[in-house]
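Naming convention: chains lettered A, B, ... in sequence-line order (proteins, then strands); numbering from 1 in each chain. Computed from heavy atoms alone, side chains included, the values below leave out hydrogens, waters and symmetry copies.
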Amino acid sequence: MAKKPFFITTPIYSPSGNPHIGHCYTTVACDAIARYRRMQGYAVLFLTGTDEHGLKIEQKARSAGIEPQAYVDGMTERFRKLWDVLNVRYDRFVRTTDDYHVRTVQSVFQKLYDRGYIYKGQYVGKYCTPCESFWTPKQLVDGKCPDCGREVTDAREEAYFFKLSAFTDAIGKLLEGGTFLQPNSRAKELIGNFIKPGLEDFCVSRTGVTWGVPVPFDPKHTVYVWFDALLNYISALGYENGAFEDFQCFWSADVHFVAKDIMRFHAILWPAVLTALGLSLPKHLAVHGWITVGGEKMSKSRGNVIDPYVLTERYGTDAVRYFLLREMILENDSEFSEAVLLKRVNADLANGIGNLVARTVVMVEKYFGGTLSAEREAAPIDEPLIKSALALRNKTDTTMDNFRLNEALAAIFEVISLADKYVDETAPWVLAKDPIRRARLATVLYNLLETLRITSGLLVPFMPTMMPKIWEQIGATEEDVAYDKLNQWGILKPQVKVCKGEILFPKRELQEHV
RNA sequence: GCCGGGGUAGCUCAGCGGCAGAGCAGAGGACUCAUAAGCCUUUGGUCGGUGGUUCAAAUCCACUCCCCGGCACCA
């Protein structure tokens with residue numbers, strides 16, 4: 001039977017600045033989900049990329065004294081490099097400056113124009129001449145340009161509009177359905193703020209911006225960056241461009257994962273555009289909050305941007321991944337501080353799973369010379385541990401289906417904690433003193449190794465770098481930790497051979513801040 | 001201003017009609033396999049305030065005070 005397809009996307013990031021820890025969360029979350037699905041046997045297409053058009057990029061490039069294309073070429077590499085450092089395994093990287101993407105954008109624009117969903121109208125607003133920027137009255141600060149604080153003038157220009165107003169009912173139904181948008185509280189926001197008053201048509205072209213995709217039938221206009229950007233999700237599959245053959249197989253997306261600031265475009269504009277194109281809608285839109293520092297959104301002007309390179313270098317890839325995935329919850333913003341990271345990583349990774357691996361492996365070495373004997377003697381006290389370890393995969397399946405990665409991790413670490421308790425209750429060091437209880441001792445240690453096999457197996461999607469090192473130490477093969485073995489007991493061979501190794505997650509002290 | 005969500009232990013939060021809970025932090029203890037790790041016990045709360053419904057209210061209702069999120073073209 002052919003593998004079931006699974007298509008997951010990050011937003012395409014703007015290379016107008018360096019990638020920060022917020023980009024990392026979205027991307028690592030998608031990577032964990034993608035890896036989990038691959039483990040489950042899906043044919044996964046995990047898409048990420050960069051959104052390279054628009055005035056801001058053009059200005060950045062000019063002020064750096066280089067051409068926009070050269071600028072974005074350089075910046076895009078920084079994103080790719082960071083994903084490598086974070087061990088993010090994406091399948092495709094789309095850039096809005098790629099030829100095939102431009103072809104899709106132009107084709108879609110033409111198609112929607114031909115179908116009457118895009119029409120020529122007039123954009124009315126305020127204009128700041130030095131900034132070359134249009135603003136809405138609401139955006140103004142004290143009636144002046146929010147960027148430079150100077151006077152603005154009334155402005156109108158001809159522009160193309162997308163008939164978003166025609167989709168108020170359809171989008172309203174989609175949002176009320178309760179399954180499309182996660183978490184549901186976000187859907188309520190959108191319904192109250194946009195659907196209830198009714199959607200307005202959306203301006204999808206600009207004349208003042210030259211760094212963009214020209215409108216095919218009116219090239220003095222360029223396509224508005226958001227309209228351009230959203231189409232990456234289908235251009236990267238080859239829709240209307242001939243570059244890839246994946247559209248039939250992978251559309252529609254199983255989930256778009258985005259931060260709350262760009263939810264509106266994904267929850268309202270995007271489904272409307274797809275409907276106008278006659279395409280099916282993404283199955284889920286998962287919206288997460290921001291990572292805050294000192295209670296505030298990270299931003300360059302506040303000088304509180306966290307550099308992910310420094311963090312990974314200092315604490316390791318998997319520690320950073322674990323922190324992000326364990327601390328971030330879908331509903332709210334989450335506060336970042338190095339102290340919180342340290343606490344989490346020390347408590348769960350160093351004192352938790354790392355220490356459990358160490359104590360278990362050492363006991364097998366000490367009491368059995370590294371190779372467990374095959375004799376067994378079960379006891380009632382083994383049951384709760386075995387039962388919860390065997391029930392774990394179902395739990396993580398469900399939480400992953402709902403994009404609650406933090407809950408999946410919490411469930412896994414509950415079992416780790418149970419295993420620590422089991423060590424105390426069974427007291428292997430007491431059993432070891434009595435030669436008659438050798439079979440019992442072997443059973444206890446085997447149960448601990450099996451618990452580690454299952455938990456580390458379920459943790460690979462989250463910490464793909466370190467988990468294989470656990471397998472080496474506990475004597476597990478790749479097949480032992482295959483998905484279909486993670487709800488079975490007794491997979492490690494009876495005379496399993498362990499191998500003591502390095503400390504996996506050393507305990508860390510707080511250093512100077514990043 | 002409008003639309004949502006929330007105020008419960010020092011911190012993060014669960015509970016949403018039936019004896020106030022968990023994790024972390026703090027205190028004490030037993031143990032020794034382990035990364036001074038892990039385990040056990042334990043301190044700690046007028047459940048934002050007022051009034052109501054009820055045999056019974058963190059829980060339902062009304063009012064009130066705070067906090068947070070969102071409010072379209074961030075071009």
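For NZ of A:Lys469, the number of neighbouring non-hydrogen atoms (other residues, nucleotides, ligands) closer than 6.0 Å is 12 at most.
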>> Using the rule given for salt bridge (Lys or Arg N to Asp or Glu O under 4.0 Å), can you reason through A:Arg344 versus A:Asp348, listing the C-alpha separation, both sets of side-chain angles and the distance that settles it, and then say yes or no?
In response: CA-CA 6 Å; A:Arg344 196 85 241 180; A:Asp348 296 354; 3.1 Å; yes
> Would A:Ser373 and A:Phe368 count as a side chain to side chain contact (heavy atoms under 4.5 Å, CB included) if you check the C-alpha gap in whole Å, the side-chain angles of each, and the deciding distance to 0.1 Å?
Replying inline: CA-CA 7 Å; A:Ser373 66; A:Phe368 290 94; 3.3 Å; yes
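No engagement by A:Gly212 is indicated, since no non-hydrogen atom pair under 4.0 Å with the nucleic acid exists. As judged by a 4.0 angstrom heavy-atom cut-off over every strand, A:Leu269 is placed among residues making no nucleic acid contact. Residue contacts for A:Phe505: at a heavy-atom cut-off of 4.0 Å it reaches a base atom on one of the strands shown. Within the 4.0 angstrom heavy-atom criterion, base atoms lie near A:Phe194. Residue A:Asn332 is classed as having no contact, given no heavy-atom separation below 4.0 Å to the nucleic acid.
Figure legend: cation-pi geometry between A:Lys120 and A:Phe161 absent, as NZ or CZ is not positioned both under 6.0 Å from the six-membered ring centre and within 45° of its axis.
Using a cut-off of 4.0 Å between Lys/Arg side-chain N and Asp/Glu carboxylate O, A:Glu375 and A:Arg440 are scored as not salt-bridged.
For residues 409-425 of chain A, every residue pair satisfying the side-chain hydrogen bond (donor to acceptor under 3.5 Å, both in side chains) rule, not counting sequence neighbours, is listed here: A:Arg359-A:Asp420, A:Asp382-A:Tyr422, A:Tyr422-A:Asn447.
A gap of 25 Å separates the C1' atoms of B:G6 and B:G18, to the nearest Å. Going from the C1' atom of B:G15 to that of B:A72 covers 38 Å, rounded to whole Å. Spacing of C1' atoms, B:G28 relative to B:G51, comes out at 45 Å, to the nearest Å.
Checking the phosphate oxygens (OP1, OP2) of B:G69, no side-chain nitrogen or oxygen of A:Lys260 falls inside 4.0 Å.
Under the rule for a side-chain contact (heavy atoms from CB on, under 4.5 Å), the partners of A:Pro214 that lie at least two apart in sequence or sit in another chain are A:Gln106, A:Pro219. Among residues two or more places apart in sequence or in another chain, the side-chain contact (heavy atoms from CB on, under 4.5 Å) test is passed with A:Lys433 by none. Partners of A:His101 by ring-ring contact (aromatic ring centres under 6.0 Å, His included), not counting sequence neighbours: none found.
A 3.5 Å limit on both hydrogen-bonding distances identifies B:U12 as the Watson-Crick or G-U partner of B:A22.
Applying a 4.0 Å cut-off to non-hydrogen atoms, the residues of residues 346-361 of chain A that approach RNA chain B are A:Ala350, A:Asn351, A:Gly354, A:Asn355, A:Ala358, A:Arg359, listed by residue number. Near RNA chain B, meaning a heavy atom under 4.0 Å away, there are no residues from residues 163-182 of chain A.
Base orientation of B:A20: anti, the glycosidic angle falling outside 90° of 0.
What separates CG of A:Leu449 from P of B:A34 is a distance of 16 Å, to the nearest Å.
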